[in-house]
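Comments concern the structure below.
Computed from a prediction, not measured in an experiment: that's the story for all the values here. By convention in this document, chain letters (A, B, ...) are assigned in the order of the sequence lines, proteins followed by strands, and residues within each chain are numbered from 1.
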Amino acid sequence: MGEHGWPPVGLTGHPWRRDSMRASQLFMPTLKDDPSDAEAASHKLLVRGGFVRQFAAGIYIFLPLGWRVMERVNRIIREEMDAIGALELSMPTIHPAEVWQQTGRYYDIGAEMFRLKDRGDRDMVLAMTHEEVFAWLAGRELRSYRDLPQIWYQIQTKFRDEPRPKGGVLRVREFLMKDSYSFDIDVEGLEVSYAKHIEAYDRIFTRTGLRFYRVESDPGMMGGLGAHEYMADSPAGEDRVALCECGYAANVELARSIALPPSAEEVTDLEGSEGPVEVSTPNTRTIAEVSSLLGIPASGLIKSLLMISDGQPVLAMVRGDQELRERKLERVLGASFRPAHPEEVKEITGTEGGFLGPVGLSGVRLLADLSLAPDGPGGARGYVTGANKLHAHLRGVVLGRDAQVEFVDLHEATSGEGCPECGGVLRIEQVIEVGNIFKLGTKYSDPLGVTVLDEDGVERPVIMGSYGIGPARIMATAVEQGNDERGIVWPKAIAPFDVQLVQVQAADETQTAVAAEVYFMLGEQGWDVLWDDRDVRAGVKFADAELIGAPVRVTVGKLAAHGVVEVQPRAGSERQEVALAELAATVASLWQAAR
RNA sequence: CGGGACGUGGCGCAGCCUGGUAGCGCAUCUGCUUUGGGAGCAGAGGGUCGGAGGUUCAAAUCCUCUCGUCCCGACCA
């Protein structure tokens, strides 16, 4: 491999770790400028640092550095999955359409699934996920409860034709995923498999150095038994979670929260009133308009939204200062819904959007957020709501008295609201989903006939769980959470190299000799070292070292002749001069201190 | 799918409004100098301006269509 000069390192079969390398032999195309199409910090830095290149929208090439990071992430995943007794295997990524037709997903999922035909004109799909194949295999091979439990996993490519790839490697159309599937005889068994995954995932994300939360997530409409997501905070995230000091953590899609009481001033609105009072509100349709016309804060209004679900009208009500959370309504209804069209609004309520309210509406299911209940944070009090009449609203509407409604949780949790568990203060954080775990039940085993015989010889459907992790998201999230103006600051567990050895003068024989000594010594101690022996200016090497972000940098320069090198952590700027004899200890202690 | 923007040497951009045959920085190659924070000087190579059609004596520039990419929103097993 293009060896020249001394020492003869990097040769095939040499005695030192193959994970150490010389930069002159590494393909590491770094860039000075941010790519023009990058927005997220991780996107810019991973491209600039020579970790990835974009091939097409949402389709990426992993260059040697990027692949090293992925391999380190995957190694951690494998170790922890193996530790809970999961078995690695590899599934195909091209599937005949039949299995997907059997579970119905072939029809439920739209353009997000890549579909193709083989030469025989048979319908095929590219795998978006692997529940179907795993269930297919389990159905063929598992026969007895004695074969259970099983946990199988793979680290395999997934294809999803995302409508909008974004954030570099964060949201893509082809990506690697660790997915595992558990097979148990009963729900108790599933709980055990699920708990094992929690154990493994907690360790995986801790080891990869991410700041993360395990949060309750929406198990979806399909009758899942429960689910959690692993979320890592980042402004580049596409999800939000509600968090409390007490440990409560949930995706805002379903996070419960105790609304703050509405501001005091409009409480007087109720006093002395026997019932709602109509007020004229010409052309006043939005919460903001009504609020400013009547001089009542938004929290004193009721926002009424007419929805159609299963062909039936539903009026969903939240307070004027709140947002309706669609998923919550969906869960209450047990079905999907859509906003009513303007003609439907007219037909059902006799008025137009902007003047809707619960009072006097018949034939419409009335659902109000818990915070509007008489025993809610606002107490029994009057609100302003539409009068179901053009250009008019009602004041002093008390739900429960003036309209019979069902009180359910519909509003989106917001920062500052009360924690549903302890009453503490909730905060909302923007996060990246790096992993998820689902209790599936028999959603796939039923249609695919995955059954085993139990102790009594009775055929029973296998209870499944499904568990995912996105290694590239871990990589990108680590960059999101660890970077500065000079580049990436990798968590030590997944950095492409442990130590970047910068030899200031490539042509200086003394420096070469000292650098080689350092390289071998650190290598023998188990460090993965990138020895920057390139014949480029010192500034370029320093800049690249900081961009690439190895946790520890060792610089061999002027002081080499005296047997002294410089050492500094990527995360800090303290630089120390160290004699070669002390180097091992210094590197070890900096490593210890690194995140 | 709705809204917005951008496609010009490898990368980042200017030129377009007001048509006249393409330019800057970085990178690359050669030479000399330099050498601990992305070097300097001199020289060189490299682009049918995303594609197609149209207008015009003449199109990177104007018009139409199309493809690609990014951003906001919707969507996200």
Side-chain angles (χ1 to χ4, degrees), chain A residues 29-40 43-44 47-50 53-60 100 103-114 125-132 134-135 158-168 170-173 175 177 179 181 217-224 227 229 236-239 251 253 326-327 336 338-339 432-433 436 438 440 443-444 466-468 470 485-487 502-508 511 532 534-548 553 555-560 565-566 568 573 575 577:
Chain A
T30 56
L31 302 172
K32 282 192 196 177
D33 297 314
D34 285 335
S36 64
D37 53 7
E39 194 70 18
H43 189 188
K44 291 177 183 170
V47 171
R48 279 226 289 141
R53 284 294 184 267
Q54 184 170 344
F55 183 56
I59 303 179
Y60 279 81
W100 289 79
T103 60
R105 292 164 105 185
Y106 189 78
Y107 312 105
D108 297 341
I109 298 169
E112 206 179 329
M113 178 151 46
F114 283 102
V125 309
L126 298 186
M128 302 179 62
T129 171
H130 284 80
E131 278 84 4
E132 275 81 358
F134 272 88
K158 306 283 185 265
F159 300 91
R160 296 181 193 178
D161 196 358
E162 290 286 345
R164 192 183 152 204
K166 62 185 287 198
L170 281 173
R171 182 165 209 78
V172 290
R173 300 195 293 169
F175 59 100
M177 183 175 189
D179 49 328
Y181 303 86
S217 80
D218 187 350
M221 293 291 298
M222 309 307 189
E229 289 163 327
E238 300 182 90
D239 291 288
N251 194 314
E253 295 291 350
E326 283 90 353
R327 282 292 173 82
S336 60
R338 60 167 174 83
I432 295 168
E433 181 186 347
N436 58 41
F438 274 92
L440 291 175
K443 182 180 171 188
Y444 298 92
S466 145
Y467 317 84
E485 59 293 334
R486 295 174 305 178
V502 175
Q503 179 182 344
V504 173
Q505 296 286 350
D508 183 313
Q511 289 187 20
D532 196 343
R534 292 175 300 170
D535 186 18
V536 295
R537 300 178 71 83
V540 173
K541 299 189 197 191
F542 291 139
D544 277 351
E546 280 151 359
L547 222 203
I548 289 165
R553 185 172 103 200
T555 305
V556 175
K558 293 186 197 110
L559 303 170
V565 298
E566 291 159 38
Q568 92 181 74
S573 48
R575 185 181 306 185
E577 295 178 354

If you look at every strand shown and take non-hydrogen atoms under 4.0 Å, does [X] touch a base, only sugar-phosphate, or nothing?
X	result
A:Pro29	nothing
A:Glu546	base
A:Ala56	sugar-phosphate
A:Arg553	base
A:Gly487	nothing
A:Phe55	nothing

Considering only [options], which nucleotide approaches the side chain of [X] most closely?
X	options	value
A:Ala57	B:G37, B:C75, B:U69	B:U69
A:Ser36	B:C72, B:G12, B:U69	B:G12
A:Arg164	B:G12, B:C72, B:C70	B:C72

Of A:Val536 and A:Glu131, the one whose nearest nucleotide on RNA chain B sits closer to the 5' end is A:Val536
Using the [atom1] atom as the reference point in each nucleotide, state the distance between [N] and [M] in Å, no decimals.
N	M	atom1	result
B:C6	B:C13	C1'	12 Å
B:C11	B:G73	P	29 Å
B:A44	B:G38	C1'	23 Å
B:C49	B:U21	P	15 Å
B:A58	B:C72	C1'	41 Å
B:U30	B:G15	P	34 Å
B:U28	B:G10	C1'	9 Å
B:G50	B:G68	P	16 Å

Below 4.0 angstrom from OP1 or OP2 of B:C70, is there any side-chain N or O of A:Gln54?
yes
Working note: A:Glu131 + A:Arg105, criterion salt bridge (charged side-chain N to carboxylate O under 4.0 Å, His left out); need CA distance, chi angles, decisive distance, verdict.
CA-CA 11 Å; A:Glu131 278 84 4; A:Arg105 292 164 105 185; 3.4 Å; yes
Length of the [atom1]-[atom2] vector between [X] and [N], whole Å:
X	N	atom1	atom2	result
A:Asp161	B:C1	CG	P	11 Å
A:Gln503	B:G37	CD	P	16 Å
A:Asp34	B:C71	CG	P	14 Å
A:Asp37	B:G50	CG	C1'	15 Å
A:Glu39	B:G4	CD	P	19 Å

Would you say the side-chain atoms of A:Arg53 pair up with the backbone N or O of A:Val47, donor to acceptor, closer than 3.5 Å?
yes
Any strand counts, and the cut-off is 3.5 Å on both contacts for Watson-Crick or G-U wobble. Which nucleotide pairs with B:G10?
B:C26
Which atom pairs, donor and acceptor, lie under 3.5 Å between side-chain atoms of residues 535-543 of chain A and protein residues at least two apart or in another chain?
unit_1: A:Lys541; atom_1: NZ; unit_2: A:Gln503; atom_2: O; d: 2.6
unit_1: A:Lys541; atom_1: NZ; unit_2: A:Asp532; atom_2: O; d: 3.4
unit_1: A:Lys541; atom_1: NZ; unit_2: A:Arg534; atom_2: O; d: 2.6

Pairing donors with acceptors under 3.5 angstrom, does anything connect the side chains of A:His43 and A:Lys166?
no
Distances under 3.5 Å only, N/O to N/O: pair up the protein atoms with those of nucleotides 38-42 of chain B.
unit_1: B:G38; atom_1: O2'; unit_2: A:Lys32; atom_2: NZ; d: 2.7
unit_1: B:G38; atom_1: N2; unit_2: A:Asp544; atom_2: OD1; d: 2.9
unit_1: B:A39; atom_1: OP2; unit_2: A:Arg537; atom_2: NE; d: 3.1
unit_1: B:A39; atom_1: O4'; unit_2: A:Arg537; atom_2: NE; d: 3.4
unit_1: B:A39; atom_1: N9; unit_2: A:Arg537; atom_2: NH1; d: 3.3

